[in-house]
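Position 1 is the first residue of the sequence, and the numbers go up from there.
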Amino acid sequence: MDHNSLRKLVEGQLLRLEGNAFQDCMDHLGLELYPGDYQPVRVAGPKGDTKNDGYCAKARVFFAAHATRGQRIDKTKAKIRGDLEGCLQEHRNVRVWRFLTNDTLPGEVDQFIDNELRPLHPDVIIEVWGLKTLADEISKLKREQVDRIIDVVSAAEPKPKPPERPQVVQLSHMQTGRDLWPILSVSLAWLPAVEPDGCTEEEEDLIDGVVQSFTDWLEISGDVEARSRAAVRDAQRGITELLNDLKARTSPSTRARSTTTPSATAPRRSW
């Protein structure tokens, strides 16, 4: 998988994380970026987490992880100020304070950090790692490291299979309803009928009517089979009558004298 595709997958996964799940992910990131130095921190005792979600004892980098997606600007600013000042009060020699979020902070928040917080604490490097920065930093790592930090799809999605061509069944050897029923009862649709060349208008109408009857049987075949075996036999006999009528009325001798407009027998629902 190329770097850009991996970065997009990581970014998408980060967006889904909230609360403790986001903090856990950031702990895994810290362990990969600062092996042997990073220490996760969790709330415990009367002081909670001492405004510190994780830190590097040697590098003196302190982290505040917070999923701010959808949070109001004033609350985000108050959260950042409170975590920063609380961390500086509780911990010595803070060199870098890094705020981690799975959001892209609004310009007003970024301006607040740069115009107010950084001048107040010139000895501390104050950083914000938002969604894009986190995704970039994670996707730079080796693939096995990425997998330890966040779950991503490890392989490209398989190419969609081309739609299967419908199976066409030739009915030239179908003589009775019993022959045809196993096909009707499992089919999803009936392909449009194409009349043979040389048909008269009456024969075309007859073929259309028979095919429509087949379609009707197809649609209700499940109900017929659920009813009883006797209902199935009755349906098969009705189809046989249709086939015999079609054969008789399209024979050469019948064609010569037929002048009436034929119609097909619709499914009988007496069952």
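- Counting only N and O atoms by type, the side chains of Gln71 and His66 include a donor and acceptor under 3.5 Å apart.
- Applying the ring-ring contact (aromatic ring centres under 6.0 Å, His included) criterion to Tyr34, with sequence neighbours excluded, gives no partner residue.
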### Task
Starting from the C-alpha separation in whole Å, work towards a yes-or-no answer on salt bridge (Lys or Arg N to Asp or Glu O under 4.0 Å) for Arg227 and Asp223.
CA-CA 6 Å; Arg227 178 74 175 181; Asp223 295 332; over 6 Å; no

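- When all heavy atoms of Asp53 and Asp27 are compared, the closest pair comes out as O-OD1, 3.6 Å.
- A 4.5 Å side-chain heavy-atom check between Gln236 and Thr176 finds every atom pair outside the cut-off.
- Annotation: the span from Leu134 atom CG to Met26 atom CE amounts to 5.0 Å, rounded to 0.5 Å.
- Ring geometry for Phe63 against Tyr38 counts as perpendicular: the plane angle is over 60°, on a 0 to 90° scale with 30° as the lower cut.
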### Task
Go through the steps to decide whether Glu85 and Arg81 satisfy the test salt bridge (Lys or Arg N to Asp or Glu O under 4.0 Å), and finish with yes or no.
CA-CA 6 Å; Glu85 295 180 349; Arg81 181 193 291 274; 3.6 Å; yes

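- Here the CD1 atom belonging to Ile150 is positioned 14.5 Å from the CD atom belonging to Gln145, to the nearest 0.5 angstrom.
- Salt bridge status for Arg98 with Glu127: present, with a side-chain N to carboxylate O gap under 4.0 Å.
- Rounded to the nearest 0.5 angstrom, Leu33 CG and Ile149 CD1 are separated by 6.5 Å.
- A donor atom on one side chain and an acceptor atom on the other are found under 3.5 Å apart for Arg16 and Gln13.
- Between Val224 and Ala235 the shortest heavy-atom distance is CG1-CB, 4.3 Å.
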### Task
Could you walk me through whether Arg229 and Val232 pass side chain to side chain contact (heavy atoms under 4.5 Å, CB included), step by step?
CA-CA 5 Å; Arg229 181 58 192 165; Val232 173; 3.2 Å; yes

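- The CZ atom of Phe112 lies 4.0 Å from the CG atom of Leu117; values are rounded to the nearest 0.5 Å.
- The main-chain N or O of Gly54 is found under 3.5 Å from a side-chain atom of Asn52 such that the two form a donor-acceptor pair.
- Between the side chain of Asn102 and the backbone N or O of Leu14 there is at least one donor-acceptor pair closer than 3.5 Å.
- Residue Leu88 comes nearest to Val124 through the heavy atom pair CD2-CG2, 3.9 Å, listed as atom of the first residue, atom of the second, then distance.
- Considering all non-hydrogen atoms of both residues, His3 and Lys140 come closest at NE2-N, 4.2 Å.
- Separating the CG atom in Leu31 from the CD atom in Gln39 is a distance of 8.5 Å, to the nearest 0.5 Å.
- In this structure, Phe62 and His91 have side chains that are in contact, with non-hydrogen atoms separated by less than 4.5 Å.
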### Task
With side chain to side chain contact (heavy atoms under 4.5 Å, CB included) as the test, would you mind laying out the steps for Arg60 and Val94 before giving the verdict?
CA-CA 6 Å; Arg60 307 308 296 170; Val94 178; 5.5 Å; no

### Task
Carefully, step by step, assess Lys77 and Glu108 under the rule salt bridge (Lys or Arg N to Asp or Glu O under 4.0 Å).
CA-CA 9 Å; Lys77 291 163 67 173; Glu108 183 178 337; 3.4 Å; yes

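- Checked options Leu100, Asp114, Ile113, Val109; the residue passing with Val128 is Ile113 (criterion: side chain to side chain contact (heavy atoms under 4.5 Å, CB included)).
- The shortest heavy-atom contact between Ala67 and Gly19 is CB-N, 4.2 Å.
- Atom CD1 of Ile239 sits about 7.5 Å away from atom CG of Leu243, to the nearest 0.5 Å.
- Checked by atom type and distance alone, the side chain of Arg95 never pairs as donor or acceptor with a backbone atom of Ile125 at under 3.5 Å.
- Between Val41 and Tyr55 the shortest side-chain heavy-atom distance falls below 4.5 Å.
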### Query
Can you check side-chain hydrogen bond (donor to acceptor under 3.5 Å, both in side chains) on Asp2 and Ser5, steps first, answer last?
CA-CA 6 Å; Asp2 62 85; Ser5 298; 2.9 Å; yes

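- Both Phe22 and Leu15 are part of a single hydrophobic cluster, where members link through side-chain heavy atoms under 4.5 Å apart.
- Checked against side-chain hydrogen bond (donor to acceptor under 3.5 Å, both in side chains), Thr104 has no partners two or more places apart in sequence or in another chain.
- The closest side-chain heavy-atom distance from Arg143 to Leu6 is below 4.5 Å.
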### Worked verdict on Ile73 versus Leu105 for side chain to side chain contact (heavy atoms under 4.5 Å, CB included)
CA-CA 9 Å; Ile73 289 177; Leu105 293 183; over 6 Å; no

### Query
Would Arg148 and Glu144 count as a salt bridge (Lys or Arg N to Asp or Glu O under 4.0 Å) if you check the C-alpha gap in whole Å, the side-chain angles of each, and the deciding distance to 0.1 Å?
CA-CA 6 Å; Arg148 288 195 290 265; Glu144 57 268 24; over 6 Å; no

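- One finds no salt bridge joining Arg237 and Glu241 here, because no Lys/Arg side-chain nitrogen approaches an Asp/Glu carboxylate oxygen to under 4.0 Å.
- For Ser139 against Asp136, the heavy-atom pair with the smallest separation is OG-O, 3.2 Å.
- A salt bridge does not link Lys58 with Asp37: every distance from a Lys NZ or Arg NE/NH1/NH2 to an Asp or Glu carboxylate oxygen is 4.0 Å or more.
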